[in-house]
Number of protein chains: 2
Amino acid sequence: MPVSEKSDALRERIRTIAAFYHRKGRMPSFSEIAEMTGMRSKNAVYKLVNRLERMKVLERDEKGRLIASSIAAPVKLLGTVEAGFPSPAEEELVDTLSLDDLLINNPDATFLLKVSGDSMSEAGILPGDMVLVERGVEPKNGDIVIAEVDGEWTMKYIKKRGEGVVLVPANSRYQPIRPKKELTIAGVVTAVVRKYR
Amino acid sequence: MPVSEKSDALRERIRTIAAFYHRKGRMPSFSEIAEMTGMRSKNAVYKLVNRLERMKVLERDEKGRLIASSIAAPVKLLGTVEAGFPSPAEEELVDTLSLDDLLINNPDATFLLKVSGDSMSEAGILPGDMVLVERGVEPKNGDIVIAEVDGEWTMKYIKKRGEGVVLVPANSRYQPIRPKKELTIAGVVTAVVRKYR
DNA sequence: TTATAGAGTGAACGAACGTTCACTGTCAAG
DNA sequence: CTTGACAGTGAACGTTCGTTCACTCTATAA
């Protein structure tokens, strides 16, 4: 049997398992895999899972159960726009990852805010975009922060000038803000997401 | 006992379960919940889970096992930037969601491409950003597409003019492209993500 | 043709699973 | 003081789990 056919059948089974995970929100049991792939013996699944584990396609916990790992990552990471798309033959070589894992460092401290206003438009943050904001991290010079200054919430670059702090918009039609009395930094913008359709 | 205290203890247990999920990649069993919360009876967990299920905090499959649902969503959705942040008291009221579910319609057909070049910078897509591209969907007028035109891959707006098609950049320093012989649409840009830190 | 490795079958095993039952405190309302 | 609701205990249940063993079938290699 040629290698490519064998590999095709294997990939189809991996896709079946991944589809189960995305449909049900948990990994299948061995019996469920047997049912889906048409196997009539759990031992066939057992050997299949061991092979996939050796290939680093699947992971298991200490009790032998499957856990969601790279197979659960929904999106495949390719190169650059110039590189275009790979052919189906080389598609299996690309890495997959989860946007959650990619963009979120600390789930408990991270919030999603919708952007209104165009004060950061020259930084590529447009009205209607969403920003991921992480609480409780120390803002560094040049970070984009969510701040409450003089009673109003805004999103700006933070620039430290000597002992003072200036909030700088990314839009030449707005002026930098020098907080008069109070300045509360609610969080640091760690990512921007924009959904088209 | 005041309601708020009861609610605090309950929330702490929900957090414990969610933390297990994010740490291990699967939902805990009843025994594991008992161990984590200090309970010595699985039945106490059984009643707890039933209560949380009635509150729509947890979900279970047909075999009684916990499945990852809203508790697994890593990020909390708040209002707008102007609204600022809610107080910890009202924090429990916000919705949580997963960026994967939010941005990805069809996991199998969606890829992540890194942007190089500034031809879409006026649309808020900067070099170094990543775009989610979905294959196999029909591009509508005004969509941003990844296209191979005359042997090169580019990202542009697609405008349909009568019978022809024009690829329009979002940067006044570049010219629209009228494909001479070949035009292959590889996919439609469904979302943009930018990671700051 | 014979040997061999790979993939699947089918039955059995102990462990872990969710579930149920009867029971024990504890605290607040009557 | 009594009662009832609530949270948790501890043991038992039937089921499902992953695992193991012995075996069959088939296709390739010697």
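Here is the naming used below: chain letters follow the sequence lines, and residue numbers restart at 1 for every chain.
The structure places CZ of R26(A) at 4.0 Å from CG of D61(B), a figure rounded to the nearest 0.5 Å. A distance of 11.5 Å separates CG in L132(A) from NZ in K76(B), rounded to the nearest 0.5 Å. T16(A) contributes atom OG1, which lies 12.5 Å from atom CD of E35(A) (distance to the nearest 0.5 angstrom).
Within 4.0 Å (heavy atoms only), K42(B) reaches at least one base atom of the nucleic acid.
The cationic group of K159(B) lies under 6.0 Å from the six-membered ring centre of Y157(B) and within 45° of the ring axis, placing it in a cation-pi geometry. Under a cutoff of 6.0 Å and an axis angle of 45°, K42(A) and F30(A) do not form a cation-pi pair.
A sub-4.0 Å separation between OP1 or OP2 of dG8(D) and a side-chain N or O of R13(B) is present. Contact annotation: S31(A) side-chain N/O to dC17(D) OP1/OP2 distance is under 4.0 Å. S29(A) has a side-chain polar atom (N or O) that falls below the 4.0 Å cut-off from OP1 or OP2 of dC17(D). When the side-chain nitrogen and oxygen atoms of R60(A) are compared with OP1 and OP2 of dC17(D), none of them lie within a distance under 4.0 Å.
Remark: the K47(B) side chain and the dG8(D) base include a donor-acceptor N/O pair separated by less than 3.5 Å. In this model, a side-chain donor or acceptor of S41(A) finds a partner on the base of dG10(C) within 3.5 Å.
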May I have the list of side-chain donor-acceptor pairs in residues 166-173 of chain B shorter than 3.5 Å, sequence neighbours left out?
{"unit_1": "N171(B)", "atom_1": "OD1", "unit_2": "R173(B)", "atom_2": "N", "d": "3.0"}
{"unit_1": "N171(B)", "atom_1": "ND2", "unit_2": "D118(B)", "atom_2": "O", "d": "2.9"}
{"unit_1": "N171(B)", "atom_1": "ND2", "unit_2": "S121(B)", "atom_2": "OG", "d": "3.4"}
{"unit_1": "S172(B)", "atom_1": "OG", "unit_2": "E122(B)", "atom_2": "OE2", "d": "3.4"}
{"unit_1": "R173(B)", "atom_1": "NH2", "unit_2": "D118(B)", "atom_2": "OD2", "d": "2.8"}

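Taking for each of G38(B) and P28(A) the nucleotide of DNA chain D with the nearest heavy atom, the 5'-most of the two is the partner of G38(B).
Terminal axes of the helix from dT1(C)-dA30(D) to dG30(C)-dC1(D) (five pairs each, C1' rotation axis) are separated by 10°, to the nearest 10°.
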